[in-house]
Amino acid sequence: MPGLEKYHGTDTYLTEALTLEAKAEIDQSLEENKPFYLYMSHYAIHAPWEADSSFYDNYLVEGVNDFEAIYASMIEGMDKSLGDLMDKLKEKGQWENTIIIFMSDNGQPSQATLNKPLRGHKLLPYEGGIRVPLIVYWPGHVRKASVNSQYVMVEDLFPTILEMAGVDYQNKVSQVVDGKSFVPYLEDPELSDEERPLFWHFPHTYDQFPYSTVRKGDCKLIYRHLDQSLELYNIRTDLSESKDLAAEEPEIKEELATILSAHLRETNAGMPVLSETNS
């Protein structure tokens, strides 16, 4: 890995190497009396699947298969990394002066055990592919153990972090800001917005079908590009997305389809082309 050559040939697992470097960056910032922004993006948990020997054997003795033991060891290594960074903040007297945002970018891979009752896995539009953990520690703003069920998206992190830092970015960025700050939802767990639509657009294939998706409130519409079919689910009453309501709720289906179509046109979204229509 670029920048990590000193660990090459040693017994230091990649997650641990990144953690040691992150701690060194914190030390340097504090020595220079500068505020710091640390974006800690692990290679774990991701292919190539390589066991973290510090934890691997603990899972083998539990009777799981080899992949599950490897996967679990990578998870535990990442968890330890976060704990080590939290300990560093406490050691340096910065625990009450630091915001921590912990989240994942997508659901588990298809090889891993499903996160039931969620349906599907990474790259799919079902909740198992797109619903991820988001935990925020912000002293003086987020109440301990509070929970807000408001749906937000990774694009929201940009305006959220800037608002947390007291930065007025509205007239200072040239690009379109896709996200929306979720600071109000952190400070008020009872606050919600059921009118905001969220969009996912995956118009190509990998190990799944190409799709475009919109969620608004409790309802989510999935458009399958291959056969132009629509699926509709109520996430609140059917978290496992086992009952397609497209035929039973035509008005909701039409509303969400209109919202999704308008968004794809407004953003000039790339779309697949049916081979039968190609000349």
Side-chain angles (χ1 to χ4, degrees), residues 1-29 36-92 98 100-137 153-155 157 161 200 202 204-211:
M1 293 297 174
L4 299 178
E5 289 82 2
K6 66 185 178 184
Y7 299 100
H8 184 66
T10 73
D11 293 331
T12 307
Y13 191 77
L14 179 55
T15 300
E16 179 67 11
L18 290 172
T19 306
L20 293 172
E21 292 298 304
K23 290 165 70 174
E25 290 293 329
I26 293 174
D27 283 334
Q28 182 175 338
S29 294
F36 64 87
Y37 170 78
L38 174 65
Y39 176 61
M40 182 62 161
S41 183
H42 287 292
Y43 290 91
I45 310 152
H46 200 280
W49 311 110
E50 298 177 350
D52 188 331
S53 60
S54 298
F55 312 105
Y56 175 66
D57 290 340
N58 297 337
Y59 293 98
L60 280 183
V61 298
E62 295 292 332
V64 301
N65 63 43
D66 186 59
F67 174 79
E68 290 173 336
I70 292 172
Y71 193 71
S73 75
M74 296 175 78
I75 293 175
E76 186 166 355
M78 188 188 67
D79 285 348
K80 177 182 181 297
S81 171
L82 177 58
D84 288 348
L85 292 173
M86 291 165 64
D87 288 342
K88 166 62 72 171
L89 294 173
K90 295 172 183 177
E91 170 194 327
K92 294 294 182 176
T98 306
I100 299 175
I101 301 174
F102 176 86
M103 71 169 296
S104 176
D105 60 345
N106 51 245
Q108 81 287 352
S110 57
Q111 306 100 309
T113 302
L114 292 178
N115 286 330
K116 293 183 177 179
L118 305 184
R119 176 181 176 181
H121 52 77
K122 173 184 176 180
L123 298 176
L124 285 174
Y126 303 109
E127 294 298 282
I130 61 177
R131 178 182 289 244
V132 297
L134 172 59
I135 303 172
V136 178
Y137 168 77
M153 211 169 191
V154 67
E155 290 91 333
L157 287 176
I161 292 172
W200 295 261
F202 206 98
H204 43 279
T205 59
Y206 181 65
D207 64 353
Q208 83 303 311
F209 56 90
Y211 60 82

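None of these values were measured; they are calculated from a predicted model.
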State whether a side-chain donor-acceptor pair under 3.5 Å links E21 with Y7.
yes
Distance, nearest 0.5 Å, that separates CG of L4 from OG1 of T12
10.0 Å
Supply the atom-to-atom distance K23 NZ to L38 CG, rounded to the nearest 0.5 angstrom.
12.5 Å
For the student: nearest non-hydrogen atoms of A51 and S73, plus distance
CA-OG, 3.6 Å
To check you understand the geometry: which heavy-atom pair defines the closest contact between V132 and G107, and what is its length?
CG1-N, 4.1 Å
Out of curiosity, H42 NE2 to S81 OG, how far, rounded to the nearest 0.5 Å?
3.0 Å
Can a salt bridge be assigned to the pair D84 and K80 using a cut-off of 4.0 Å between side-chain N and carboxylate O?
yes
Side-chain heavy atoms of L123 within contact of N106, under 4.5 Å
no
Rounded to the nearest 0.5 Å, what separates atom CD1 in I70 from atom CZ in F55?
15.0 Å
With a 4.5 Å cut-off on side-chain heavy atoms, are I135 and I100 touching?
no
Check: S110 and D207 side chains under 4.5 Å, non-hydrogen atoms
yes
Step by step, work out the side chain to side chain contact (heavy atoms under 4.5 Å, CB included) result for R131 and L118.
CA-CA 9 Å; R131 178 182 289 244; L118 305 184; 3.9 Å; yes
Donor-acceptor pair between D66 and Y56 side chains, under 3.5 angstrom
yes
Ring centres of W49 and F67 under 6.0 Å apart?
yes
Min side-chain heavy-atom separation H121-P109 under 4.5 Å:
no
Smallest separation among heavy atoms of A69 and L60, with atom names
CB-CD2, 3.8 Å
Kindly indicate whether the side chain of H46, heavy atoms from C-beta on, has any atom under 4.5 Å from the side chain of K122.
yes
Contact between T15 and Y43 at the side-chain level, heavy atoms closer than 4.5 Å - yes or no?
no
Within the 4.5 Å heavy-atom criterion, are E127 and I130 side-chain neighbours or not?
yes
Show the nearest heavy-atom pair for residues Y211 and F209, with the distance to one decimal.
CD2-O, 3.2 Å
Taking E50's backbone N and O only, do any of them form a donor-acceptor pair with Y13's side chain (distance below 3.5 Å, no angle check)?
yes
The reported gap from CD in E68 to CD in E62 (rounded to nearest 0.5 angstrom) is 11.5 Å
Just one of V136, L134, L82 clears the side-chain contact (heavy atoms from CB on, under 4.5 Å) bar with F102, so which one?
L82
Within the 3.5 Å criterion, strictly below it, is a donor on Y71 or Q108 matched to an acceptor on the partner's side chain?
no
For H204 together with F202, are the ring centres under 6.0 Å from each other?
yes
Note, Y137 side chain near I101 side chain (heavy atom, < 4.5 Å):
no
Roughly how far apart are M78 CE and T19 OG1, rounded to 0.5 Å?
10.5 Å
Could you tell me which non-hydrogen atom of K92 sits nearest to which non-hydrogen atom of D27, and how far apart they are?
CE-OD1, 2.9 Å
